[in-house]
Each structure stands twice: as structure tokens, then as C-alpha cells.
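Heads up: the structure comes next, in C-alpha cells.
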Amino acid sequence: MAPQYWLMKSEPVKYSIDALARDKVTFWDGVRNYKARNLMRDDMKVGDQAFFYHSNHKPSAVAGIMTIASAAKPDPTQFDVDNHYYDEKSDPEKPRWWAVDVKFSRKFDNPVSLADVKADAALSDMALVKMARLSVQPVRPAEWRRVLKLAGED
DNA sequence: GCCAACGTTGGC
DNA sequence: GCCAACGTTGGC
């Protein structure tokens with residue numbers, strides 16, 4: 001199957017694309033939304049590409065590209081009582097929350113802002129617009145190419 | 001299974 | 001900081 005495309009959000013105050021550029025690879029922990037989890041656990045494949053989206057930022061924008069670098073693994077933060085993402089209802093025998101490793105690919109010189117996306121007729125059906133609160137979402141190939149074009153990366 | 005109350009995300 | 005959208009929880 002052809003590689004699929006995704007968009008994954010992070011608040012840059014918490015973890016930015018510059019942090020990923022420094023770390024090279026990171027585990028995308030802390031996702032506590034079932035749809036987002038299902039996409040990571042069931043649908044992502046090693047080698048898929050994902051946009052790194054900076055949410056809650058000025059401006060919020062697609063900041064660059066990363067590659068899915070592992071199959072989904074249980075998120076250890078769910079079992080750590082001291083962690084912000086601790087989930088007392090998750091059973092270690094049957095973990096509730098999963099996430100993948102992502103690998104830095106590149107950072108855009110010209111990030112594509114949410115306003116840019118909303119202003120572009122070809123992107124009006126993007127999940128970023130239609131499902132604003134979903135933090136891991138699929139991107140159609142045509143949308144992927146269009147965002148790259150807006151970023152001047154094609 | 002419905003739905004009101006509540007909590008969180010994230011744009012503005 | 002506000003608040004709309006919407007996901008989750010829990011009472012019934």
C-alpha cells in the first residue's frame with residue numbers, strides 16, 4: 001500500500017518542530033483521544049509521512065514534515081502516577097493509550113498558517129478545518145501536495 | 001441508551 | 001482570557 005499522510009498537532013510551547021529537529025526522533029505520547037489513538041494504533045505504518053502542526057500558536061501553522069518511525073506502542077505515561085497524562089483506569093495488561101515514534105524530516109521555511117489553509121478552496125475539506133479538535137488526523141494526497149505547494153516546498 | 005453536566009482543545 | 005465545539009462521564 002502507498003504511504004499515507006497524516007497531520008499531528010503539538011503546542012510548540014510543549015514540544016515544537018525545533019525540539020524534534022534537535023531530538024531527531026520522539027515518541028508522540030500524551031494523546032488521550034480515542035479517534036487519534038485509533039489512527040496511530042491501527043492505521044499508521046512505518047514510512048508514512050506526517051505534517052507537524054503547531055497549535056495554539058501565533059499563528060498556528062503547519063511547520064514541517066516528519067516520518068512515522070515505529071508501530072504503535074503503549075504510552076508509558078498512562079501508568080505513571082506523577083505524570084500529567086496518568087490514567088488510573090488504564091490496565092497495564094490491556095493498555096488504553098498508544099502512540100508511535102516520529103522522526104524529523106524537515107522544517108518549512110514558510111509555514112502554512114491555519115488562515116492560509118482556510119483561505120484555500122482546495123483545502124476546504126481538510127480535517128484541520130472540519131474536525132478542528134482532532135489532534136491526529138488523516139491528510140488526503142491532494143491536500144498533502146497542496147500544502148507543500150503553499151509552503152513553497154514542491 | 002439517553003442526555004445533562006463537565007472538561008478539554010484550540011482559535012481568536 | 002474567552003468561549004464554541006465537542007468528547008467523556010455518570011445518573012437514571
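Numbers restart at 1 for each chain; the letters A, B, ... are given by sequence-line order, proteins then strands.
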Closest-nucleotide ordering on DNA chain C, the 5'-leading residue of M131(A) and K89(A)
M131(A)

Write out all pairs satisfying ring pair (Phe, Tyr, Trp, His ring centres under 6.0 Å) with one or both partners inside residues 96-134 of chain A, taking only residues at least two apart or from two chains.
Y34(A)-W97(A)

Which side-chain N or O atoms in residues 128-138 of chain A pair as donor and acceptor under 3.5 Å with protein atoms at least two apart or in another chain?
from    : atom 1 : to      : atom 2 : distance (Å)
K130(A) : NZ     : D125(A) : OD1    : 2.8
Q137(A) : OE1    : L128(A) : N      : 2.6
Q137(A) : NE2    : L134(A) : O      : 2.9

Which donor-acceptor pairs under 3.5 Å do the side chains of residues 60-68 of chain A make with protein atoms, sequence neighbours left out?
from   : atom 1 : to     : atom 2 : distance (Å)
S60(A) : OG     : N56(A) : N      : 3.3
S60(A) : OG     : H57(A) : N      : 3.2
S60(A) : OG     : H57(A) : O      : 3.4

List for me each residue that meets side chain to side chain contact (heavy atoms under 4.5 Å, CB included) alongside D101(A), sequence neighbours excluded, and say none if there are none.
V25(A), F27(A), A69(A), S70(A), K73(A)

Go through the structure and list residues passing ring pair (Phe, Tyr, Trp, His ring centres under 6.0 Å) with Y5(A), not counting sequence neighbours.
W144(A)

For nucleotides 6-12 of chain B, read 5' to 3', which letter fits each nucleotide if B means a protein heavy atom sits under 4.0 Å from the base, S means only the sugar-phosphate is that close, and - means neither?
-BBBBBS

